[in-house]
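The structure appears below as structure tokens.
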Protein chains: 2
Amino acid sequence: MSVVSCTPSMGRPRAFDVDTALEKALDVFWRKGYDGTSLSDLTEAMGINKPSLYAAFGNKEQLFLKAIELYESRPCAFFLQALEKPTAYQVAEHMLYGAAMNMADQAHPQGCVVVQGALSCSEAAATVKEALLNRRVEGEQKLRARFEQAKLDGDLPATADAETLARYLGTVLQGMAIQANNGATSEQLRQVAAMTLQAFPRNN
Amino acid sequence: MSVVSCTPSMGRPRAFDVDTALEKALDVFWRKGYDGTSLSDLTEAMGINKPSLYAAFGNKEQLFLKAIELYESRPCAFFLQALEKPTAYQVAEHMLYGAAMNMADQAHPQGCVVVQGALSCSEAAATVKEALLNRRVEGEQKLRARFEQAKLDGDLPATADAETLARYLGTVLQGMAIQANNGATSEQLRQVAAMTLQAFPRNN
DNA sequence: GCCAATATGTACTAAGCGGTAAGTAACCCT
DNA sequence: AGGGTTACTTACCGCTTAGTACATATTGGC
């Protein structure tokens, strides 16, 4: 048997690069949101026709979810990187300054697609709205777990409330996404980051 | 002449209450956003037919803008009220706790329609997106002006940066809107408010 | 050279969109 | 009672939407 077919090198080869096309799709979803993006918007930006899009990505919803995966692995990679910093304060610092740099970066749309991709939306977008909501909540849970560890490590006071700290940080990060949409610059967001850190407890 | 016609008590009277219908429209726009709301959604929620909607409110875009005015004068009235508190710290306090109470209030959709009504959207929604963006920026400018006054009044240190304080507060308030969409409770948002105030300077 | 397999472009579908024309119903004023 | 004015209902408009059928083109393997 061994019908693995992992390398479907048979048949006519694809005329476009899947990853590049996905980047283009992410750009459109990021700027226009799920409801505001039409298939025409997508095929035009991706440089392919509808049947190619459906063959390669399933449908609009699955394409969106794949674009979000790409977003988290590339433009939003600073989030997971920050979690690995040695102390809770450094985690917060790295995450806030990373967000300040990234969300107002003119090299891509402003803000965060996980925040603004499907915040208020039609019933047709309920699935992707839920997916984004889950990502936001999971991000905060990762932060909370990291701060619990910091209390064990001793770089956060034992009296610190890890859950509230994580929610405070999540609130500011999500607020920064709106600020970037408002036209705030990276420097202005850095000032917000600095103020946010003033309320952040530290043992060292 | 005197063709003022301020009281159009002539002709068949309207069979619905304009203000009630506008409240219903606000509710739909708040939950679904501008792009995610169809005219069918609106007419169904408002209990009227399309021609009545167009006669009373112009079109979808003008209806949205009128709904936003209603939002600012009612559910979001705490914002302007907070600006009148005697000190900068009390302004921030009242605004943060007011937002915590309001944005997670189960009596209406969660969050803030000025934030989530048209954040990322289609080109058809460009006008309302711009209108909401302006409201957010103007709100922050009002905060900044209030804090400038507070420096003159002496209840903020002369070294305080009114612009950054306003942006920090705006960031947290807008972040709270996302948090409320994430399912955060008023009590959880109050904890965020308390942390936010820890970074807030005060002379008294 | 031919077959199986995959991708492509064109043309199509049914349904929904925002918005409106036209006829009818309900009111005030004279 | 009739005319003027306004609102309501029904049916429609042209256009766009997400998604697909089908014929054609391009590859590797035999």
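Throughout, protein chains are lettered first and strands after them, A, B, ... in sequence-line order, and every chain is numbered starting at 1. Only a predicted model underlies this, so the values are computations on that prediction, with no experimental measurement involved.
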Ring pair (Phe, Tyr, Trp, His ring centres under 6.0 Å) involving B:Phe64 - partner list, sequence neighbours excluded = B:Phe29, B:Tyr34

So, A:Asp35 side chain and A:Ser122 main chain: donor-acceptor pair closer than 3.5 Å or not?
-> yes

Could you give all pairs that pass the ring pair (Phe, Tyr, Trp, His ring centres under 6.0 Å) test and reach residues 92-133 of chain B, with sequence neighbours left out?
-> B:Trp30-B:His108

For atom CD of B:Glu44 and atom P of C:dG16, their distance in whole Å = 13 Å

Partners passing side chain to side chain contact (heavy atoms under 4.5 Å, CB included) against B:Arg12 (at least two apart in sequence or in another chain) | none

Identify, residue by residue, the members of residues 14-28 of chain A with a heavy atom below 4.0 Å from DNA chain C, and return them in order of residue number, or none.
-> A:Arg14, A:Ala15, A:Phe16

For A:Phe57 and C:dA7, what is the distance between atoms CZ and C1' respectively, to the nearest whole Å?
-> 13 Å

When rounded to the nearest 0.5 angstrom, what distance separates CG in B:Leu169 from CE in B:Met95?
-> 6.5 Å

Provide, to the nearest angstrom, the distance between the CG atom belonging to A:Leu53 and the P atom belonging to D:dT17.
-> 14 Å

Rounded to the nearest Å, what distance is computed from the CG atom of residue A:Asn49 to the P atom of nucleotide C:dT6?
-> 20 Å

5'-most contact on DNA chain D: B:Ser52 or A:Asp41, nearest heavy atom basis?
-> B:Ser52

Contact pattern, 5' to 3', of nucleotides 18-30 of chain D - B, S or - by protein heavy atom under 4.0 Å = BBBB---BBBS--

For A:Glu140 and B:Gln179, test the side chains for any donor-to-acceptor distance below 3.5 angstrom and give the result as yes or no.
-> yes

Ring pair (Phe, Tyr, Trp, His ring centres under 6.0 Å) partners of B:Phe200, counting only residues at least two apart | B:Phe147

Are any side-chain N or O atoms of B:Thr43 and backbone N or O atoms of B:Leu39, one a donor and one an acceptor, separated by less than 3.5 Å?
-> yes

